[in-house]
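A short worksheet on the structure shown next.
Because the structure is predicted, anything quoted here is derived from the model rather than measured.
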Amino acid sequence: YRMPNGHNEVPLSDAEQAIRLVRGHAKEWGLNPNRIGIMGASAGGHLASLWGTCALGARHYGIPQPLLLALAYPLISMAQYPASPVRDYLCKGLFGSDYSSEQLNRYDAGKNMDAGYPKTFLVRALDDSTVPPDNAAEFLRALSCYQTPCRLRQAEAGAHGFGLGSRTPLSGWIDDAVLFLEEST
């Protein structure tokens, strides 16, 4: 997605356009338009997590919820992210220089989840120094409270940005996410 440069609606609009594009070409591309998921890693995981919320996600845009959200080493909560130059950079990029705690809370999927939130697969490494694993703690509690099907795969090592997890204990996580989708649909 495009960097928002203070226009926080830009990434969500890009996600909407991407899903509409896939659904619009599903037959041509040999896809089932009713079996679409969204995956994101790091900041993209933040975007994907928001896509499940009523206020900012698919329902806000009037399109069906994805069947699965696959979140790899996601940044979930800006409000829970430790104060640092990285946090300030991320917040200014998303909201502009005058961001507020209300904006941070609105863009926290764990605080804005409801019973309509999609199945979620989350993968992370516990040695991630960019997005601390406890950043998703409230999000995981909210998934549990709403009884949203969720699978968490984590490993002691892998750091941030492990991608497919090749040569890490997280290798094969994409297959696990697909299996989770198949098990729960």
Same apolar cluster: V178 and V22, side chain cutoff 4.5 Å:
no
Under 3.5 Å side-chain donor-acceptor pair for Y99 and D88
yes
Tell me whether the count of non-hydrogen atoms from other residues, nucleotides or ligands lying under 6.0 Å of CD in E28 goes above 12.
yes
Examine distances only and state if a side-chain atom of Q103 and a backbone atom of S100 form a donor-acceptor pair shorter than 3.5 Å.
yes
If you compare all heavy atoms of G110 against all heavy atoms of E138, which two are closest, and at what distance to 0.1 Å?
C-OE2, 4.2 Å
Any side-chain heavy atom of Q154 sitting closer than 4.5 Å to one from L122?
no
Side chains of W173 and T168, heavy atoms from C-beta outward: is any pair under 4.5 Å?
no
Single hit among L47, I38, T120 for side-chain contact (heavy atoms from CB on, under 4.5 Å) with L71
T120
Taking the side chain as every heavy atom from C-beta outward, state whether P169 and E156 have any pair of such atoms under 4.5 Å apart.
no
Minimal heavy-atom distance between A125 and P133, with the atoms involved, is O-CG, 3.7 Å
Can you tell me how the ring of F139 sits relative to the ring of Y117, calling it parallel under 30°, perpendicular over 60° and tilted otherwise?
perpendicular
Contact between Y61 and L12 at the side-chain level, heavy atoms closer than 4.5 Å - yes or no?
yes
From F95 CZ over to E102 CD, what is the distance, rounded to the nearest 0.5 angstrom?
11.0 Å
Cluster check L181, I174: I/L/V/M/F/W/Y, side chain < 4.5 angstrom:
yes
So if you build clusters from Ile, Leu, Val, Met, Phe, Trp, Tyr with side-chain heavy-atom gaps below 4.5 Å, do F121 and L67 land together?
yes
Compare every heavy atom of P118 with every heavy atom of Q65, then report the nearest pair and how far apart it is.
NE2-CD, 3.4 Å
Answer yes if Y146 and L143 sit in the same cluster of Ile, Leu, Val, Met, Phe, Trp and Tyr residues linked by side chain heavy atoms under 4.5 Å apart, and no otherwise.
yes
Check whether any side-chain N or O of D128 sits under 3.5 Å from a backbone N or O of V131 as a donor-acceptor pair, and report yes or no.
yes
Nearest 0.5 Å, what's the CD1-CZ distance between I36 and R23?
4.0 Å
Going by the side chain to side chain donor-acceptor pair (under 3.5 Å) test, which pairs reach into residues 44-60, not counting sequence neighbours?
R59-D114
Can a donor-acceptor pair be found, under 3.5 Å and without considering hydrogens, that links the side chain of N112 to the backbone of N105?
yes
Between S171 and R167, is there a side-chain heavy-atom distance shorter than 4.5 Å?
no
Less than 4.5 Å apart, side chain to side chain, heavy atoms only: is that true for M78 and L94?
yes
Is it true that a side-chain atom of D108 and a backbone atom of S77 form a donor plus acceptor pair closer than 3.5 Å?
no
So, for L50 and A109, which heavy atoms are closest and what is the spacing to 0.1 Å?
CD2-N, 4.0 Å
Can you tell me how far apart SG (C145) and CG (L140) are? Round to the nearest 0.5 Å.
11.0 Å
Hey, does the side chain of R153 reach the backbone of V123 with a donor-acceptor pair shorter than 3.5 angstrom?
no
Locate the shortest heavy-atom distance separating P33 from L31; write the atom from each residue and the value.
CD-O, 3.4 Å
So do the side chains of S84 and V86 get within less than 4.5 Å of each other, counting heavy atoms only?
yes
Remaining members of the apolar cluster that contains L126, side-chain heavy atoms under 4.5 Å:
none
If you draw a 6.0 Å radius around CG in D98, do more than 12 non-hydrogen atoms from other residues or ligands fall strictly inside?
no
Minimum side-chain heavy-atom gap P64-N34 below 4.5 Å
no
Taking all non-hydrogen atoms of both residues, which atom of C91 and which atom of L104 are closest, and how far apart?
SG-CD2, 3.6 Å
